[in-house]
Amino acid sequence: MSEKRDGLVWSSGVAWVVSTRGKASNLYPLTRGFAPPNPNPQMLRPVRPAPPRAFLFPLGRYAVNVGYWKDPYLDYFVRLPKERKAPEISRGYYARVQGVGRLLKAFLQKTECNCQIINLGAGMDTLFWKLKDENLLPIKYFEVDFPSIVTRKIHNIKSKPPLSKPIMESHSGESLLMDAHSLDSSRYAIVGADLRELPKLEEKLKKCNMDPDLPTLLLAECVLIYMTQDHSANLLKWVAGMFQAAMFINYEQVNMSDRFGQIMVENLQSRKCSLVGVDDCRSLDSQKERFLQNGWETANAIDMMKAYNCLPKDDVRRIEALEFLDEKELLEQLMQHYCLCWATKDSSNLGEDMLWQGSP
Ligand SMILES: C[S@@+](CC[C@H](N)C(=O)[O-])C[C@H]1O[C@@H](n2cnc3c(N)ncnc32)[C@H](O)[C@@H]1O
């Protein structure tokens, strides 16, 4: 890790932004493992996102180990990174997990869990298992990702009883359906599909009993930026047209046209890895606008600094005591480049209650 100027380096399969405003050790994860070290141009083509291994990296595994939040399942999907992560990074993950969790729980409460959740580009996400433990499972929980990722996830599920048992326990009726690229049980389904190929995606989800009449929560965390504006617009339009009542939570980069954001983008481009959806990540307004232009009735967006400042003070005090952070400014800079955006359809039933509670 020799670069000390503003720039980007590869380490542990993650692109990191180096800022001269802090110490050389203050590195920001640009994405959650979009590309491997020594990137192979074949893997970094803008149209096809990176191969499975590249996406499996951090997922906040280090932060969980230090105690920022609990996730007993992450261990079964992601190995603990060998090197220490900067506290800014762990606090960023914490803000994201808490922020998304807060919106998600508001939706589950509002619908009394009579709903479905579709996690788009879910990767190795463990939300299904955590909701089961909290007795908050929706009627059905779906995950979608590329077939290669799904195959890997299914392998983990099959080979690790703490992952397979909750699926079996929540399953009723006929035998559970499973092949290399999909698994379909009563409460959990994982589908190998490309989010840019909507007719096939729809067919596969319907085969797993996706119900257009149920209130539906769509979740996309660090996913849309890897799709062109047209592809993500089509996806948002498809969702808005498919479900009577829906909420979409999107977590990803924002403020990508300021200096810091541009450095992130330029450095990736110089390595032939373009974030093809970055134009929608220009600002909070551009994040909201794409929902409003594609069939959604309400859209809200906040940067992660705002989200962090709205989290319960006692828990924030707890996590801030876990690791010493000497430069708050660096944390703010990082948090201002990620956002939470949520949009609703059928706002008479869902919308206004989903406002960010506790906004200053
Ligand atoms: C950076 S990872 C985020 C994973 C997960 N959402 C999380 O936050 O841990 C992006 C994920 O989106 C998936 N993805 C990107 N484009 C996709 C597409 N067109 N179709 C299906 N999955 C896609 C990738 O395979 C990857 O698992």
Side-chain angles (χ1 to χ4, degrees), residues 12-15 29-36 43-64 69 71 73-74 76-78 89 92-97 99-101 104 117-130 141-154 156 181-182 190-202 204-205 217-236 238-239 248-253 264 268 273-278 280-281 304 338-340:
S12 310
V14 183
L30 179 54
T31 69
R32 300 184 64 197
F34 182 70
M43 293 173 173
L44 299 178
R45 279 177 309 172
V47 184
R48 291 273 162 203
R53 213 191 143 276
F55 280 126
L56 299 185
F57 235 87
L59 291 149
R61 179 70 187 78
Y62 180 84
V64 166
W69 73 94
D71 187 339
Y73 301 101
L74 205 48
Y76 301 114
F77 289 116
V78 205
I89 293 168
Y93 276 124
Y94 167 80
R96 162 193 180 162
V97 169
V100 170
L104 175 96
I117 295 178
I118 307 181
N119 192 335
L120 303 168
M124 297 298 129
D125 200 293
T126 56
L127 182 60
F128 167 80
W129 291 270
K130 289 189 284 178
Y141 182 97
F142 299 85
E143 291 184 341
V144 181
D145 211 303
F146 284 121
S148 54
I149 303 275
V150 166
T151 301
R152 189 166 187 139
K153 194 159 187 176
I154 291 177
N156 282 344
H181 301 316
S182 65
I190 177 165
V191 169
D194 188 329
L195 298 170
R196 296 164 299 184
E197 295 173 3
L198 297 171
K200 279 196 204 154
L201 173 66
E202 181 173 332
K204 289 179 179 176
L205 286 171
L217 176 67
L218 288 299
L219 203 54
E221 294 184 63
C222 296
V223 176
L224 299 185
I225 195 165
Y226 300 119
M227 297 168 64
T228 63
Q229 276 184 296
D230 282 351
H231 282 130
S232 58
N234 288 342
L235 177 66
L236 302 186
W238 172 78
V239 176
F248 199 117
I249 302 176
N250 182 38
Y251 169 87
E252 67 181 354
Q253 288 88 340
M264 292 162 83
L268 270 178
C273 173
S274 50
L275 302 172
V276 289
V278 77
D280 283 325
C281 304
M304 293 314 291
Y338 284 88
C339 74
L340 255 184

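Just so it is clear, the values below take in all heavy atoms, side chains as well, and ignore hydrogens, waters and symmetry mates. Since we're looking at a predicted model, the values are computed, not measured. Read the numbers this way: they start at 1 and go in the same order the structure lists the ligands and their atoms.
- For G121, a nitrogen or oxygen atom sits less than 3.5 Å from a nitrogen or oxygen atom of ligand 1, counting backbone and side chain alike.
- Among the atoms of D125, none of the N or O lies under 3.5 angstrom from an N or O of ligand 1.
- Those atoms of ligand 1 with a heavy atom of G123 less than 4.0 angstrom away are 27 (O).
- On a distance-only criterion, N119 and ligand 1 share no N/O pair closer than 3.5 Å.
- Close contacts of ligand 1 with D194, meaning ligand atoms under 4.0 Å from a residue heavy atom, involve 18 (C), 19 (N), 20 (N).
- Taking each heavy atom of L104 and I249 in turn, the nearest pair found is N-CD1, 3.9 Å.
- Atoms of ligand 1 lying under 4.0 Å from any heavy atom of I149, numbered from 1 in the order shown and given with element: 25 (O).
- Counting heavy atoms closer than 4.0 Å to ligand 1, residue A220 contributes nothing at all.
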When you look at W238 and L201, which way does the side chain to side chain contact (heavy atoms under 4.5 Å, CB included) test go after all the steps?
CA-CA 10 Å; W238 172 78; L201 173 66; 3.9 Å; yes

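- Taking any N or O of Y226, backbone or side chain, none lies under 3.5 Å from an N or O belonging to ligand 1.
- Each of the atoms 20 (N), 21 (C) of ligand 1 lies under 4.0 Å from some heavy atom of A193.
- Aromatic ring orientation, Y93 versus W69: tilted (interplanar angle from 30° to 60°).
- Looking at V144 next to ligand 1, no N or O pair under 3.5 Å apart turns up.
- Residues S182 and V191 come closest through the heavy atom pair CB-CA, 4.4 Å.
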Please determine whether side chain to side chain contact (heavy atoms under 4.5 Å, CB included) holds for the pair L224 and H231, giving the CA-CA distance in whole Å, both sets of side-chain angles, and the decisive distance to 0.1 Å.
CA-CA 9 Å; L224 299 185; H231 282 130; over 6 Å; no

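- Those atoms of ligand 1 that come under 4.0 Å of a heavy atom in E221, given as number and element, are 3 (C), 5 (C), 6 (N), 8 (O).
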